[in-house]
Amino acid sequence: MDSQIIISGGGPIGSYLASNLKECSVQIMEEHSEIGKPVQCTGLVHPRVVELANAEESVLNVIKGFRLFFPDGRVLEVKTDEAKAVVIDRCRFDNICCDSARKSGAVINTDSRIIDFKREHNGLAVSYMADNKNNEINTNLLIGADGYKSHVGTCAGLGCAKEIVRGIQADLEVTMPDQDLVEVYVGKEVAPGFFAWILPCGEFTRVGVGISKGNGIPSKYLDSLIEKRGFGEVNRTQTYSGVIPIGYPKSTYADNIMIVGDAAAQTKPLSGGGLYTGMQCAKYAAETALDAVNSNNYSAAFLSAYEEKWKSEIGKELDRGMIIRKVFTGMSDKRLDEAGKLLDKPEAREIIATGDIDHPSKLARPLLKSVPSLMKLAPGALKTLLLGR
């Protein structure tokens with residue numbers, strides 16, 4: 001066996017997974033020539049993500065609150081005295097995670113793209129492209145951490161995300177006066193099916209927008225927001241885009257196979273963030289992989305423990321997030337404005353200030369109890385959340 005475990009994808013999830021597999025022979029296959037590029041993330045995470053990766057040097061800025069802009073112009077501002085999030089340099093963050101994987105014994109192969117695999121005996125013969133030629137490597141376990149279009153997941157027939165959100169953002173040469181507040185915009189005209197953001201990153205500002213499928217070209221909404229915000233003449237140092245998978249597939253494992261992170265759509269349905277959830281799931285994938293190696297059992301029945309573990313940890317949060325997302329995407333701008341009016345009260349703002357970006361659904365029940373008139377916006381779905389189902 002050439003390698004006990006092969007991980008497809010050298011991003012932070014694949015690297016974090018590898019760093020938890022010190023006892024195994026591990027190889028990472030990364031299709032790009034450089035770790036951390038292209039950047040396809042806003043870079044806004046809870047401080048716990050930085051702690052998990054030991055990546056404090058990647059932090060660009062600290063965020064303590066937000067301004068939420070509604071279609072009618074209402075602005076809901078919530079600010080605290082504590083760090084609610086940090087902005088990270090994603091390229092630097094990814095490289096720190098990769099270095100950790102390397103120090104744990106993983107072999108990192110860049111410019112190496114997995115093409116296919118076939119089952120042989122108790123393992124897999126994995127075909128991959130490197131140095132402009134086809135190569136083959138044998139393994140017991142193949143783990144896909146290869147993004148929303150996961151080739152591993154597709155070849156294994158694991159299904160795909162329930163929906164996707166397309167995003168685009170630009171870094172502008174402008175410094176925001178309020179460095180500890182992120183601006184968030186909602187509404188059909190600014191970001192249909194998702195939201196837009198203006199994120200202070202110290203000496204520059206990141207402006208981005210996400211839209212759901214069927215709403216045209218994301219760049220049109222980005223250009224409109226930049227112009228509306230008065231940044232039309234500001235120089236853009238770089239522009240980058242990506243896709244956020246939302247709603248995990250029917251399965252995240254098969255014989256000799258597991259998928260994790262964006263490959264398994266383990267992202268938060270409300271914000272699209274996937275670093276914390278992906279790293280939590282990677283931890284359980286590593287535990288299951290180690291058990292499989294020690295037991296020499298790579299069957300789907302044995303690997304199902306991975307899915308049981310990650311769903312026990314974050315499954316309820318993702319499911320509740322999908323309910324709230326369905327309510328949000330079904331609201332007209334008029335309904336959004338009604339929600340803004342109801343939330344723009346001291347008691348509601350006080351509850352929102354206690355929120356955690358990695359567990360947003362935990363605000364639902366206290367908000368609905370404090371502001372029961374919110375129930376009229378979507379009584380069926382919100383009643384489910386109120387009852388804690």
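Any value given below was found using the heavy atoms of this structure, including those in side chains, with hydrogens, waters and symmetry copies removed.
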For Met29 and Ile6: C-alpha separation, side-chain torsions, deciding distance, then whether side chain to side chain contact (heavy atoms under 4.5 Å, CB included) applies.
CA-CA 7 Å; Met29 300 294 183; Ile6 292 177; 3.9 Å; yes
With sequence neighbours excluded, what pairs up with Tyr248 under the ring pair (Phe, Tyr, Trp, His ring centres under 6.0 Å) test?
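Testing Tyr248 for ring pair (Phe, Tyr, Trp, His ring centres under 6.0 Å), a comparison that skips the adjacent residues, returns Trp310.
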With Phe195, which residues qualify under ring pair (Phe, Tyr, Trp, His ring centres under 6.0 Å), at least two apart?
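Phe195 satisfies ring pair (Phe, Tyr, Trp, His ring centres under 6.0 Å) with Trp197 only.
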Can a salt bridge be assigned to the pair Asp94 and Arg90 using a cut-off of 4.0 Å between side-chain N and carboxylate O?
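Salt bridge: yes.
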Are Asp344 and Lys341 ion-paired here, with the side-chain N under 4.0 Å from a carboxylate O?
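Looking at Lys341 together with Asp344, the answer is no, because their closest N to O distance does not fall below 4.0 Å.
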How far apart are the C-alpha atoms of Leu142 and Ile114, what are their side-chain angles, what is the distance that settles it, and do they pass the side chain to side chain contact (heavy atoms under 4.5 Å, CB included) test?
CA-CA 10 Å; Leu142 175 61; Ile114 290 180; 3.7 Å; yes
Which residues pass the salt bridge (charged side-chain N to carboxylate O under 4.0 Å, His left out) test with Asp116, sequence neighbours left out?
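Partners of Asp116 by the salt bridge (charged side-chain N to carboxylate O under 4.0 Å, His left out) criterion come out as none, since no residue qualifies.
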Name every donor-acceptor pair, under 3.5 Å, that has one atom in a side chain of residues 225-233 and the other anywhere in the protein, sequence neighbours excluded.
{"unit_1": "Arg229", "atom_1": "NE", "unit_2": "Glu183", "atom_2": "OE1", "d": "2.9"}
{"unit_1": "Arg229", "atom_1": "NE", "unit_2": "Tyr185", "atom_2": "OH", "d": "3.4"}
{"unit_1": "Arg229", "atom_1": "NH2", "unit_2": "Glu183", "atom_2": "OE2", "d": "2.7"}

Solution key, residues 256-269 side-chain donor-acceptor pairs under 3.5 Å, sequence neighbours excluded:
{"unit_1": "Asn256", "atom_1": "ND2", "unit_2": "Asn122", "atom_2": "O", "d": "2.9"}
{"unit_1": "Asn256", "atom_1": "ND2", "unit_2": "Asn140", "atom_2": "O", "d": "2.8"}
{"unit_1": "Gln266", "atom_1": "OE1", "unit_2": "Gly261", "atom_2": "N", "d": "2.6"}
{"unit_1": "Gln266", "atom_1": "NE2", "unit_2": "Tyr306", "atom_2": "OH", "d": "3.1"}
{"unit_1": "Thr267", "atom_1": "OG1", "unit_2": "Pro245", "atom_2": "O", "d": "2.4"}
{"unit_1": "Lys268", "atom_1": "NZ", "unit_2": "Ile357", "atom_2": "O", "d": "3.2"}
{"unit_1": "Lys268", "atom_1": "NZ", "unit_2": "Asp358", "atom_2": "OD1", "d": "2.8"}

Between Ile211 and Val207, is there shared hydrophobic-cluster membership here, with clusters defined by ILVMFWY side-chain heavy atoms closer than 4.5 Å?
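Same cluster: Ile211 reaches Val207 through Ile, Leu, Val, Met, Phe, Trp or Tyr contacts under 4.5 Å.
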Please say yes or no: joined through hydrophobic side-chain contacts below 4.5 Å, possibly via intermediate residues, are Val87 and Tyr276 part of one cluster?
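In one cluster with Val87: Tyr276, no.
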Stepwise, does the side chain to side chain contact (heavy atoms under 4.5 Å, CB included) test hold for Tyr128 with Ile137?
CA-CA 8 Å; Tyr128 68 98; Ile137 186 171; 3.8 Å; yes
When you look at Ile324 and Ser361, which way does the side chain to side chain contact (heavy atoms under 4.5 Å, CB included) test go after all the steps?
CA-CA 8 Å; Ile324 300 172; Ser361 78; 4.0 Å; yes
Going by the side-chain hydrogen bond (donor to acceptor under 3.5 Å, both in side chains) test, name the single residue among Lys362, Lys84, Arg48 that passes it with Asp356.
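So the option named by the test is Arg48.
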Which other residues end up in the same hydrophobic cluster as Ile164, if Ile, Leu, Val, Met, Phe, Trp and Tyr are linked when side-chain heavy atoms come under 4.5 Å apart?
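Joined to Ile164, directly or through intermediates: Tyr148, Val243.
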Which distance, rounded to the nearest 0.5 Å, do you find between the CD of Glu308 and the OG of Ser312?
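These two atoms lie 9.5 Å from each other.
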